[in-house]
Amino acid sequence: MSVKTRFAPSPTGYLHIGGVRTALFNWLYARHHGGTYVLRIEDTDQERSTEEAIQVILDGLAWLQLDADEGPFFQTHRYDRYREAIARLLEQGDAYHCYCTREELEAMRAAQLAAKQKPRYDGRCRNRTEPREGVEPVIRFRNPDEGSVVFEDHVRGRIRIANSELDDLVLMRSDGHPTYNFSVVIDDMDMAMSLVIRGEDHINNTPRQINIYRALGAEPPEYAHVPLIMGPDGARLSKRHGAVSVLHYRQAGFLPEALLNYLVRLGWSHGDQEIFSVDEMIELFDIGDVNKSASTFDIEKLTWLNQHYIKNADPERLVPELLWQLEHMGVTADAERDLEGIVRSLQERSTTMLEMAQGAQFFFHDFDSYHEKAAKQHLRPVVLEPMRKVRAELAALDEWNAGSVHEVINGVANALELKLGKVAQPIRVAVSGGPVSPPIDQTLALLGRDKTLERIDSAIAFIEARAAAQAG
RNA sequence: GCUCCCUUCGUCUAGUGGCCUAGGACGUCGGCCUCUCACGCCGAAAACAGGGGUUCGAGUCCCCUAGGGAGCGCCA
């Protein structure tokens, strides 16, 4: 049987980290085995599915380059097929109309809960032959009463659930929309899935779905239920912590390769290896090596990986990412800037691309004011002399590059018998506005002579003005 | 409440009966380097949930307890 997997999100909320990891595992498994990976949108909940959510799913997966071989398929386009399957089950007696009202069902559940029983449909409509006036019926599956369902889960091993624990689930709503547990079976069957990789929250649905396959005379796919990802507080990932849209991570400056690397190591490992390129993941990933226990989302480690990938990336690769961030900050990067040079100077001091963009701002536009503490500390009258000297020598330089700039600054420090920091730091504040920047020679080289001299002049004027104000 | 699933440092994990006085990574804490911030380097603290078995020997196998998670919808 050929390998085929799918990722089947429902567009009722954001595509979050947990969903992305499920998609990644399915994608890796298919790629590893040279199989097919399909994307299917489970949009049978008309109430809550939104176009916006669909777009976020598509954009998120595209950003991560988790490309599907088939799809996206939409369940709402397959209603004829579901109706056909329902007709068959009805005819076989494996499904029946249920005329219970929502109120009745609620009362039933309340009573069961009060009696400390597991709330479940009691099958009261199983043998009803007459319709009920004014009630649009749902169609329920007639679950087997006896025996149990056993399946071999690829991550958990054998799982057995007694049919007596299962009730007659709704296959078709009264408004004609199929429910998840039904459409998922029909689709996985029609699309010939070989392995269903999904979250652990679906374990309890699996036996019901297997019963439906059997009633339809089909062999169910194999299953792999991967552990859930928890938030820092140990509870399932939710809106409160990491369950924001994956696109949020893009905005926050994370690289797709870092996010994927982080996610693949959540629940899966290959010895002590921490860094995996996508090709390595494909080569080494095995669903059987996935852990059974839930793991906690740790932004610190993701950040470390992101830093690692930024640090080791080809500068050219990072230029578009930097531009993207700058654009979102409303900063226009003029073309004559040495963008690769800027990236190179910031690579090993940025943990995210957002941070890099922030650190690069002063290369692209003047700042309104100095970092207060830095100015107080470094833009003082004592630095006027070295600053003027540096300014004069820089202005006289034949060649403007990191090497020549370096010589000037070092030379001035030596001539004045000052430590390098006493000269470099005031200039850093003068040109960048704050206390942090790449090495001063690189910074000035990248900034260019005109801007450098201009900002040093401004700083000198600033110091003089402040001194005058204090004296007066 | 019932059913199912899970349990190694704070976190992600290695470990498949002896190689474990439990290894790696993130984070944390010290130190070195240094023009800032970083990078890098060196070092430290830090875990087998508890209790019973099985075995010559248990982190590794079995049972119980505790803790955590999930499911129990005309949501997916």
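Below, chains carry the letters A, B, ... as their sequence lines are ordered, and counting in each starts from 1.
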If we take the [atom1] atom in both [N] and [M], what is their distance in whole Å?
N     : M     : atom1 : value
B/G18 : B/G59 : P     : 11 Å
B/C29 : B/C9  : C1'   : 15 Å
B/C61 : B/U16 : C1'   : 11 Å
B/G69 : B/U8  : P     : 15 Å
B/C48 : B/U13 : C1'   : 13 Å
B/C62 : B/C5  : P     : 13 Å
B/G10 : B/A47 : C1'   : 10 Å
B/C42 : B/G15 : P     : 25 Å

Exercise for the section: Please evaluate the base of B/C5 for a donor-acceptor partner in the side chain of A/R156 within a cut-off of under 3.5 Å? Expected result: no
Exercise for the section: Determine whether any donor atom in the side chain of A/N205 lies under 3.5 Å from an acceptor atom in the base of B/A76, or the reverse, and answer yes or no. Expected result: yes
Completion exercise
Base orientation of B/C39, chi within 90° of 0 counted as syn, else anti, reads syn
Exercise for the section: Walk me through it: do A/H378 and A/Y370 pass the test ring pair (Phe, Tyr, Trp, His ring centres under 6.0 Å)? Expected result: CA-CA 11 Å; A/H378 301 289; A/Y370 296 105; over 10 Å; no
Establish, from distance only, whether the side-chain atoms of [X] and [Y] form a donor-acceptor pair under 3.5 Å.
X      : Y      : value
A/E280 : A/Q273 : yes
A/S432 : A/H371 : no
A/S183 : A/R40  : no

Donor-acceptor contact present, side-chain [X] to main-chain [Y], <3.5 Å:
X      : Y      : value
A/D43  : A/P11  : no
A/R142 : A/D94  : no
A/N306 : A/G253 : yes

Sugar-phosphate only, base, or nothing, as touched by [X] at under 4.0 Å among non-hydrogen atoms:
X      : answer
A/I203 : sugar-phosphate
A/R102 : base
A/T44  : sugar-phosphate
A/R198 : nothing
A/V138 : base
A/H202 : base
A/P207 : nothing
A/S293 : sugar-phosphate

Atom pair distance, as rounded to whole Å: [atom1] in [X] and [atom2] in [N]:
X      : N     : atom1 : atom2 : value
A/D167 : B/C74 : CG    : C1'   : 13 Å
A/D122 : B/C72 : CG    : P     : 18 Å
A/Y99  : B/C74 : OH    : P     : 17 Å
A/K292 : B/U60 : NZ    : C1'   : 12 Å
A/D289 : B/U16 : CG    : C1'   : 12 Å
A/N204 : B/U3  : CG    : C1'   : 7 Å
A/H97  : B/C74 : NE2   : P     : 17 Å
A/L444 : B/C35 : CG    : P     : 16 Å

Just compare [options] and give me whichever is closest to any side-chain atom of [X].
X      : options             : answer
A/K311 : B/A76, B/U3, B/G40  : B/G40
A/S174 : B/C74, B/C35, B/C2  : B/C74
A/D201 : B/G71, B/C35, B/C37 : B/G71
A/T179 : B/A76, B/C37, B/C72 : B/A76

Is there a Watson-Crick or G-U wobble partner for [N] with both distances under 3.5 Å, and which nucleotide is it?
N     : result
B/U7  : B/A66
B/G59 : none
B/C33 : none
B/G71 : B/C2
B/U28 : B/A44

Fill in the blank from the handout: With B for base contact, S for sugar-phosphate-only contact and - for none (protein heavy atoms under 4.0 Å), nucleotides 22-32 of chain B reads -BBBSS-----
Practice task
Select from A/L420 and A/I159 the residue whose nearest nucleotide in RNA chain B is closer to the 5' end of that strand.
Solution key: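 Its nucleotide being nearer the 5' end, the pick is A/I159.
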Handout entry: 5'-most by nearest nucleotide on RNA chain B - A/K422 or A/N181
Key =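 Of the two residues, A/K422 wins.
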Can you tell me if [X] touches the phosphate of [N], counting only side-chain N or O atoms and a distance under 4.0 Å to OP1 or OP2?
X      : N     : answer
A/K118 : B/G71 : no
A/T296 : B/C12 : yes
A/S295 : B/U13 : yes

Practice task
Start with the C-alpha distance between A/F141 and A/Y96, add both sets of side-chain angles, then the distance that settles side-chain contact (heavy atoms from CB on, under 4.5 Å), and finish with yes or no.
Solution key: CA-CA 7 Å; A/F141 179 62; A/Y96 61 91; over 6 Å; no
Anything under 3.5 Å between a donor and an acceptor, one on a side chain of residues 104-115 of chain A, the other on a protein residue two or more places apart or in another chain? List them.
unit_1 : atom_1 : unit_2 : atom_2 : d
A/E104 : OE1    : A/T101 : N      : 2.7
A/E104 : OE1    : A/T101 : OG1    : 3.3
A/E104 : OE1    : A/R132 : NH2    : 2.6
A/E104 : OE2    : A/R132 : NH2    : 3.2
A/Q112 : OE1    : A/R120 : N      : 3.0
A/Q112 : NE2    : A/R120 : O      : 2.8

Handout entry: Parallel, tilted or perpendicular, as decided by the 30° and 60° cut-offs, for the rings of A/F151 and A/Y223
Key =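 Geometry flag for A/F151 against A/Y223: perpendicular rings.
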Handout entry: is_close_aromatic(A/Y180, A/H202), centroid dist under 6.0 Å
Key = yes
Exercise for the section: State yes or no: are the ring centers of A/F285 and A/W268 separated by less than 6.0 Å? Expected result: yes
Completion exercise
Here the residues of residues 356-364 of chain A within 4.0 Å heavy-atom distance, strictly under, of RNA chain B are none
Practice task
Determine whether more than 12 heavy atoms belonging to other residues, nucleotides or ligands lie under 6.0 Å from atom CD of A/E52.
Solution key: no
Exercise for the section: From the options A/R81, A/R78, A/R6, select the one residue that forms a side chain to side chain donor-acceptor pair (under 3.5 Å) with A/D187. Expected result: A/R78
